[in-house]
Every structure is written in structure tokens, then in C-alpha cells.
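Chain identifiers are assigned alphabetically (A, B, ...) following the order of the sequence lines, protein sequences preceding nucleic acid strands; residue numbering begins at 1 within each chain.
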Number of protein chains: 2
Amino acid sequence: MRSEDIAKLAGVSRSTVSRVINNYSNVPEATRAKVLRIIEQYHYEPNSFARALAGKRTDTIGLFAISMNEKADASRIYQNSYFAPIVDLVVDTANARGFYVLIHTVYSPSDFQKIKQAFQQKRIDGGILVGTQKDIELVRELVSQDSPLVLIDYDISEIMAERLNKNHLAVINSMDYEGTVQAIEYLIKLGHREIGIIKGRINTFSGRERYMAFENTLQSHGLPVRDEFILEGDFLKETAYLETAKLANSGNLPTALFCSNDDMAISAMEAFAAQGISVPDQVSIIGFDDVELASRINPKLTTVRLPIDEMAKASVEKVISLCDTVEPTFSTVSFPAHLVIRDSCKSLL
Amino acid sequence: MRSEDIAKLAGVSRSTVSRVINNYSNVPEATRAKVLRIIEQYHYEPNSFARALAGKRTDTIGLFAISMNEKADASRIYQNSYFAPIVDLVVDTANARGFYVLIHTVYSPSDFQKIKQAFQQKRIDGGILVGTQKDIELVRELVSQDSPLVLIDYDISEIMAERLNKNHLAVINSMDYEGTVQAIEYLIKLGHREIGIIKGRINTFSGRERYMAFENTLQSHGLPVRDEFILEGDFLKETAYLETAKLANSGNLPTALFCSNDDMAISAMEAFAAQGISVPDQVSIIGFDDVELASRINPKLTTVRLPIDEMAKASVEKVISLCDTVEPTFSTVSFPAHLVIRDSCKSLL
DNA sequence: CTGAAAGCGCTTACAG
DNA sequence: CTGAAAGCGCTTACAG
């Protein structure tokens, strides 16, 4: 069943059918009703590809979860508890707005081509990128096609420096710096002076922000930043477990460990437990993100909560509105983060 | 950049360019190389919609998570921990095979239209449905379009009865019945004789299977099936919490409670805890699915493990092979389930 | 208000 | 082996 069939049945031309479908104003109510009735009756659905080819939108947005530094493993992106809820919320929000969502994960530069292709092949009207690394080249390529694009967690200053802000672009961030300051100052208030960190992926904006906030806060309070308490991490469980085990074995422990996300905090707790080191009695632990597990493990994890839901929803709204506007616009929102105190930190006072 | 541009640059016709792109055999190596080089050089990407319109595949599969009985709430489908990993694995597997995946959640019959549309509008080559209810009408509609379709968790006998098996169709199931039998017999072996259940959504195949296995196993062991220990459930946390709280308040407890999935088992544990009833001392609890949380809560949940990963992967492989075959085929696989014993069940002997 | 026609960017018989 | 042409199913100036 094609628009031509509908046209015949309704006694009009394809042009008119198309006008009805696209809700153009210049068709009389009677004609519109007639055409609509036939469409209803035959359950006609315009071919989305033909529409797209003729210049209409695809009503599909792309969602790309980028995690380029890791080794091959079928499900590895979801090792990161931060992605899953974003994916879920984006899908639900977009669906509710009448959009399909096309998902692709990116583990390697060649996967990244898939994003560009999705745009170039016109599969999507706009896209959301999450987990973008500091890699302006990649973003520039995308943005230079001037496709509506939303970046979750990206350093705005890089955008400004490259003057990419004259395109259809938006950035959705969280206040990682401020959240981390809250966390560290809370530890300090509890009397901790030897505070360590497991770093996040340092080529992400949030990874850098959390680390910088950690270092700056210690320094501004006159506390030491000790190399042996700075553990390398990548936001993933495995590395965090290994690094924590190493720290535990060294016999030289900080009194508190700030973990750049919850996945790593929980792994650290497990690693300590495996060595018979008790949390929070021997070492306090604090995380970031407030994933579902955080409030259900034992001890319950003190962490910094991010409004992931709102961020995901905002991304969808933003990308849709970017698709709707002809004029290039750049905008940015930063969502607040706040400390959630539970049971994984002990007062030393 | 269109195929025509490439053709000009390569000094051939669009036909030849197309033949190269589609890897047809009847083009000499020299010509092929020449065309390929130009394509490379200009980063040409054929427009996917034009290809699809001209009859090629879309290289996209649809994934539809159906959960029609619930009330409106933006993220409700993911209240169900069973869906999330399936979504994740399907995306990763499909991506690895070069397919995009188009996702849509279905909460209402009108959402369901979106599935049909996705097929009718030719947005996807094939689709995977998860959470399908007993609703052969719906499946028949889809199948009668003869689109490659994979159903996860569906009663095969319904398919056979309707002779839908002459279409491009596959069903991926798990051995819910056998898994439940293992769980119940384990409880019996521990000395339990008063065993209750929280039912799953009874219009799903797995919901029915788990319930039937529960009832049959009790009966075959000469044990009572008491109405007051049969709690209505829908696989979701909230209802399970409420029903368990009611049971706890009644003052009349079974010694063990089989929960039709882990989400409900965990909620039941929380409801009991809130009433000061200790698991497993006062009541043993057993779940189904083995979600991530199961092994991390306290006490660790004894449950029935399902190979969700393999099921998700198999679905993708299946739908892709269905897209590749001209002849209609029907196939079905049932994945094993097995009991994982942890700490939430107590021996009464 | 409305239809005929061109065009979107491909693929694929068809003919040579 | 290869090109010209028709066709996939829409939309949108254009002309009336």
C-alpha cells in the first residue's frame, strides 16, 4: 500500500495525500477527512525511507555510548553502571516523544565510524554522545557536518576554544567538581587527613574534574596529596579491584579513599574485604554516581548523587529541539551533584 | 557526495559503482580497485534510505521490550532487571555483526503500533520481541507480514496451534519449568513443607511456567498448596513488596517463599526486614534470574540462574540468519536454568 | 485549493 | 563486463 493507492481510493492526487500526512494547512477539512479515513481504514503507513529520501526527518535519534579504551569483550560497556540508566532513560523519553532510538556502542576508532555513518547515511535526525573522550578532532568532524548533537559530559572550554559553538550543539554536564569538593570536605570534617583516590578515566571530562577537585581540595585544606594513595583507574570495576588489592598489600593505607565512581568504590570494598580489611572501620570509602547498588550493599555506600535521569531526559529534549531549529545554537546545562551520606565513612573524631 | 559523483571520478557508471559497493562478482579487479579507491578517498557513504528504498536491507534490527500491563512511568520497564541486560547484550552483539539496533519500549497497545510501523515502514530488517504476553493476535499480525521475528519467552504450543510456524520465526526460551522444579525440590530437601509463592505476570510464558512448576512439584511431593501463601505478582518490585508486607502482617507465614523473579525476591526480603522478620531464619527465600544484585545483597540470594547473555546473543544471531534466508523457517531453542545456592534458604532438618 | 512532474540516491533487470 | 533507464515511495516547488 503506497500513497498512490490511497490517492486513488480517496479520489485525489498523491500530492494531496502527502499534504494531509504532513499536516499542511492548505487542504480543506472535507478532503482531509476523506483521505484520513482511507488511511485509517487500510492502516497505511508511509515508507519512512522514501520520506527521508525526499527530505523529511527520520524521527530517529542516535545514542552512542563511547568507551574506547577498553579491551574487547561483548558486554563490557555495561560494566559501567553509569551507561545503563542513561540508555534506558533516553530510550523511554525519546519513545514518549515519538522518536525511535538507534543505539550503537563504540569501543574502537573503527566503531566510531559508525557514528559518522549514521549521520552521513541520514539514518538519524540527531545524536547523543555519552562517554566522549577528550578528543576534539572527533567532535569537530561530527559537528562540522552540522548535525544536531548533544554531548553528555564534555569540557565546554574545548568547544569554545575551537569555536564549535556556532553549530547545532549542546552539552549536558554534571557538577562533578562541586560534588567532589563536598565529598572530600565531608571526609575532612570527619577528621580524615590521609585521603586517597582511585582516578577515573582521565581523558573524560568528569574523570579530570573529579581528580582536580580532589587535589585542589586537599591542598586548600593544607593536607598532603600522596602519590602512593593515588590509584590509577578507568571507571571500571576490574582495574579498581586490582589497584585496591595492591594498596591493601602495601600495608600502608590511607584512612579514607575517594573513588571516582561507585563501580570502583564497590570493587574497592570487595578488594578490602577479601584482604580482611574492614570498611569503614579501617578505611572509609566514598563513591560517585549513586548507582542502584550503592544503597543496597553492606555497608551502604556514601556517595555523590548525580541526577542521571534528568540528564538523560534533558539530552533527549535538547536533541529534539536542535532538530527543530534551523539556526545553529549552542547551549549547555550543568546539573547539580550532592553528597548522600550513608554508612561507608567513619568519623575519626 | 552521491554514487554519481563517485562514478564520474572513477570514470564508470553508477551501475558499476553500485556493483562494487554490493560486492557483485561480475566486475574486474582493476575496476573494482579503482572505484574502491575513490570511495575511500572521499569517505563516501551510500545513503542508507536510498538503498533500502531500492530494495536492499537496512542493516538495522528492532528490539522491542513489551510490558503492557503497567501504569505510566517514564522508566518503568527497567524496574524489571531482566530487560536491561538483554537490551545491553542485544545491542553489543548486533553492533559487532555490523547492525544498528532500533529500540522501542511498549507500555500500551498504542505503543505496540510502533512495532508494526517499524516493520511496515521498513525501518528494520527483522525484530526481537521480549516480554511478549500471551496474545497471539498481536504476534499473528506481525508474523503475517512475514518479517523475520524472534520471540524471547513465548509459548511454542500457541505458535503451533496457530500454524504460525510457516513464517520467518524463531522462539528463544529458557527452561523455567525445570528451573523452578529444582528450586522447589531444593526447599523440600531442606525440610520445608509450607512453601509459598509470589507469582509473576501470568500472561507471560515464563510467569505461567514458573507457577505451574511450583504447584505441580508441591503436589507431586504430597505437599499442600495453600491459597494464603500464593501471592499475586507481576514481576515488579512494588507489588511484591506490598503483597509480602500483607503476608507478614497476617502473622501466618510459610517457612519458605519462592519468588518468580529476583526483583520480587529482593523486595520480599526488604518487606520482611521492615517487619523485623529475619531471612532466612524465619523464612527462606528463593528467587529466579540471578540478576547482578542477587549475589551482592545480604543475605546473598539463592536463585535460579538463566543464561540471559547467551539468550540475548542467540536472539541476535537468529534474527540475522532469518533475514538472510528466503525460505520461511521456524526454530526454537530452550536454554537451561540451574539453581545457584547461596544464603537465603535455611535447612529445617 | 490541487495535480503533473521532477527529484531524493540508490539498485537491478535489460540489452549489448 | 558495463551503461541507460526504470523503479523504489515519498515530497515539494510550480503552475494553474
Side-chain angles (χ1 to χ4, degrees), chain A residues 1-36 38-39 42-60 117-125 145 147 323 326, chain B residues 1-36 38-39 42-60 117-125 145 147 323 326:
Chain A
M1 178 122 287
R2 300 155 308 146
S3 73
E4 173 136 35
D5 303 317
I6 299 295
K8 269 189 199 130
L9 288 163
V12 298
S13 71
R14 284 145 73 210
S15 311
T16 299
V17 172
S18 177
R19 287 188 188 104
V20 169
I21 289 171
N22 292 297
N23 241 301
Y24 287 3
S25 53
N26 55 353
V27 28
E29 216 27 74
T31 315
R32 177 184 306 280
K34 187 172 54 182
V35 173
L36 244 22
I38 305 285
I39 289 180
Y42 290 87
H43 298 107
Y44 165 69
E45 292 292 338
N47 181 304
S48 63
F49 289 180
R51 300 192 79 192
L53 194 56
K56 300 302 265 187
R57 302 203 315 201
T58 63
D59 292 331
T60 304
Q117 285 173 20
F119 278 107
Q120 287 172 203
Q121 299 176 348
K122 301 278 168 56
R123 287 174 180 271
I124 53 180
D125 296 328
Q145 306 177 173
S147 316
C323 294
V326 189
Chain B
M1 177 120 290
R2 300 156 308 144
S3 72
E4 173 136 34
D5 303 317
I6 299 295
K8 269 189 198 129
L9 289 162
V12 297
S13 71
R14 281 146 73 213
S15 312
T16 299
V17 171
S18 178
R19 288 189 187 103
V20 169
I21 288 171
N22 291 297
N23 241 302
Y24 288 1
S25 53
N26 54 353
V27 28
E29 215 27 73
T31 314
R32 176 185 307 278
K34 188 172 54 182
V35 172
L36 244 24
I38 305 286
I39 289 180
Y42 289 87
H43 299 108
Y44 166 69
E45 292 292 338
N47 180 305
S48 64
F49 289 179
R51 300 191 79 193
L53 194 55
K56 299 303 266 188
R57 303 203 315 201
T58 64
D59 293 331
T60 304
Q117 286 174 20
F119 278 108
Q120 287 172 204
Q121 299 176 346
K122 301 277 168 54
R123 286 174 181 272
I124 53 180
D125 296 328
Q145 306 179 172
S147 316
C323 294
V326 189

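Within the nucleic acid shown, B:Thr16 comes within 4.0 Å of sugar-phosphate atoms alone, with no base atom in reach, counting heavy atoms only. B:Ser18 comes within contact range of at least one nucleobase, with a heavy-atom separation under 4.0 Å.
Within residues 23-35 of chain B, the residues approaching DNA chain D are B:Asn26, B:Pro28, B:Thr31, by heavy-atom distance under 4.0 Å.
The CZ atom of B:Arg19 sits 12.0 Å away from the CZ atom of B:Arg14 when rounded to the nearest 0.5 Å. Expressed to the nearest 0.5 Å, how far CD of A:Glu45 lies from OG of A:Ser3 amounts to 13.0 Å. Here the NZ-OG distance, from B:Lys8 to B:Ser13, works out to 12.5 Å after rounding to the nearest 0.5 Å. In this structure, OG on B:Ser18 lies 11.0 Å from CG on B:Asn23, to the nearest 0.5 angstrom.
For the C1' atom pair drawn from C:dG16 and C:dT12, the interatomic distance equals 16 Å after rounding to whole Å.
Counting only heavy atoms from C-beta outward, the side chains of A:Thr58 and B:Phe49 approach each other to under 4.5 Å. Between A:Leu9 and A:Met1, some side-chain heavy-atom pair lies under the 4.5 Å cut-off. Side-chain contact between B:Arg51 and B:Asn22 is present, with at least one heavy-atom pair separated by less than 4.5 Å. Inter-residue side-chain proximity for A:Arg123 and B:Asp59 is flagged as met; some heavy-atom pair is nearer than 4.5 Å.
In terms of position along DNA chain D, the nucleotide closest to B:Ser13 lies nearer the 5' end than the nucleotide closest to the other residue of the pair B:Ser13 and A:Lys56. Comparing B:Ser15 and A:Arg14 against DNA chain C, the residue whose closest nucleotide sits nearer the 5' end is A:Arg14.
In this structure a side-chain-to-backbone donor-acceptor pair under 3.5 Å is present from B:Arg32 to B:Tyr24.
Paired with A:Leu36 under the rule side chain to side chain contact (heavy atoms under 4.5 Å, CB included), one option of A:Thr31, A:Val20, A:Ile6, A:Val17 passes, and it is A:Val20.
The span of DNA chain C lying next to chain A, judged by atoms under 4.0 Å from heavy atoms, is bounded 5' to 3' by C:dC1 to C:dG9.
Using a 4.0 Å cut-off between charged nitrogen and carboxylate oxygen, B:Arg2 and B:Asp5 count as a salt-bridge pair.
Helical stems in DNA chain C, defined as runs of 3 or more consecutive Watson-Crick or G-U wobble pairs with donor-acceptor distances under 3.5 Å: C:1-3 with D:14-16, C:5-12 with D:5-12, C:14-16 with D:1-3.
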